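Bear in mind that the values here come from a model prediction, so they are computed numbers and not experimental data. Protein chains get the first letters and strands the later ones, always in sequence-line order, with residue 1 at the start of each.
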Amino acid sequence: GIQVEQSPPDLILQEGANSTLRCNFSDSVNNLQWFHQNPWGQLINLFYIPSGTKQNGRLSATTVATERYSLLYISSSQTTDSGVYFCAVFYNQGGKLIFGQGTELSVKP
Amino acid sequence: SQTIHQWPATLVQPVGSPLSLECTVEGTSNPNLYWYRQAAGRGLQLLFYSVGIGQISSEVPQNLSASRPQDRQFILSSKKLLLSDSGFYLCAWILQGYGYTFGSGTRLTVV
């Protein structure tokens, strides 16, 4: 089956710093999503991005489907950005979503 | 607007007891529905998905089952819980053009 790899696995930032999270996938996919899991476990949809670049406030994402990777940029990080960021790809029939193992981000004040 | 509801939020159950977790969606019809589990650590694993009433696909053989008795209702069940069934269970649905939306989850502890 398809492999979804995220890097780095853990990241510690000082408030105000910028960061880039990477997601590589091993096969062609129909689409891709980025999620933020907050401390209460809720998965928040950040981006639904099959290709190209999208921006939402301090966050932006770029997917290069032909090269099988996606990047999530966080600028001017805040403590509320802490949590786990997941990349997930749409694969095969039934719209199944396959998750990477996540990047755990900790933003220190 | 479309919303997804899951309950209960937390559950502590003894080994060998039955389980029933419910997920309902509002504001849409005939959605694709999914059950995921997040065990200790981070990974989310797809357990079941359904493309319509009575249609269930199982991804991983296990102690759990799923049912879809109504268009907007998805139920996760077990007849006898095992310690290994502990985890965070999330229901999700897919909205065309927006991708997956997840419920708030149920944290199950089997003791």
Side-chain angles (χ1 to χ4, degrees), chain A residues 1-11 21 23 25 29-52 54 56 61 63 65 70 72 82-106, chain B residues 1-11 21 23 28 30-52 55-60 66 68 74 86-109:
Chain A
I2 191 170
Q3 302 297 315
V4 182
E5 297 180 355
Q6 291 186 242
S7 59
D10 301 278
L11 184 60
L21 281 57
C23 173
F25 40 97
V29 299
N30 299 326
N31 220 316
L32 184 145
Q33 274 187 266
W34 283 97
F35 294 91
H36 176 217
Q37 189 169 36
N38 64 25
W40 297 272
Q42 177 78 44
L43 275 170
I44 309 298
N45 182 17
L46 297 177
F47 294 102
Y48 178 69
I49 182 167
S51 63
K54 292 186 177 180
N56 185 2
T63 295
S70 183
L72 178 68
S82 296
V84 183
Y85 289 80
F86 287 101
C87 164
V89 300
F90 286 72
Y91 184 65
N92 224 330
Q93 301 172 355
K96 290 183 281 186
L97 200 63
I98 308 299
F99 281 80
Q101 288 299 303
T103 292
E104 183 160 11
L105 174 65
S106 179
Chain B
S1 64
Q2 298 93 354
T3 56
I4 182 169
H5 302 281
Q6 248 188 279
W7 66 91
T10 60
L11 194 58
L21 302 180
C23 170
T28 187
N30 197 31
N32 283 6
L33 295 172
Y34 306 83
W35 278 111
Y36 279 82
R37 177 171 61 195
Q38 187 175 33
R42 300 175 196 165
L44 283 96
Q45 181 184 40
L46 176 62
L47 301 177
F48 301 95
Y49 69 95
S50 172
V51 299
Q55 299 179 61
I56 307 295
S57 296
S58 174
E59 289 294 299
V60 182
R68 187 165 175 179
F74 202 22
S86 293
F88 189 49
Y89 289 84
L90 291 147
C91 179
W93 66 300
I94 185 168
L95 181 60
Q96 186 73 21
Y98 291 92
Y100 273 55
T101 297
F102 283 83
S104 54
T106 296
R107 201 166 299 278
L108 172 66
T109 303

If I measure from the heavy atoms of chain A, does [X] come under 4.5 Å with its side chain, its backbone, both, or neither?
X	value
B:Leu46	side chain
B:Gln38	side chain
B:Phe88	side chain

Any side-chain heavy-atom pair from B:Tyr34 and A:Leu97 closer than 4.5 angstrom?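 With C-beta onward as the side chain, the pair stays apart.
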Listed by number, the residues in residues 38-48 of chain A that come under 4.5 Å of chain B (heavy atom to heavy atom) are A:Trp40, A:Gly41, A:Gln42, A:Leu43, A:Asn45, A:Tyr48
Under 4.5 Å to a heavy atom of chain B? For A:Glu104 that would be both
Only counting residues at least two apart or in another chain, list the ones meeting side chain to side chain donor-acceptor pair (under 3.5 Å) with A:Gln101.
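Listed in chain order: nothing, the list is empty.
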Residues passing the side chain to side chain donor-acceptor pair (under 3.5 Å) test with B:Ser104, sequence neighbours excluded, are none
I'd like to know whether the aromatic ring centres of A:Phe35 and B:Phe102 sit less than 6.0 Å apart in this structure.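 Yes, the ring centres sit under 6.0 Å apart.
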Separation between NZ (A:Lys96) and CG (B:Asn32), nearest 0.5 Å, reads 12.0 Å
Looking at A:Gln33 and B:Gly99, would you say the former's side chain and the latter's main chain have a donor-acceptor pair under 3.5 Å?
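Side chain of A:Gln33 to backbone of B:Gly99: no pair is present.
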Residues passing the side chain to side chain contact (heavy atoms under 4.5 Å, CB included) test with B:Thr3, sequence neighbours excluded, are B:Ser1, B:His5, B:Glu26
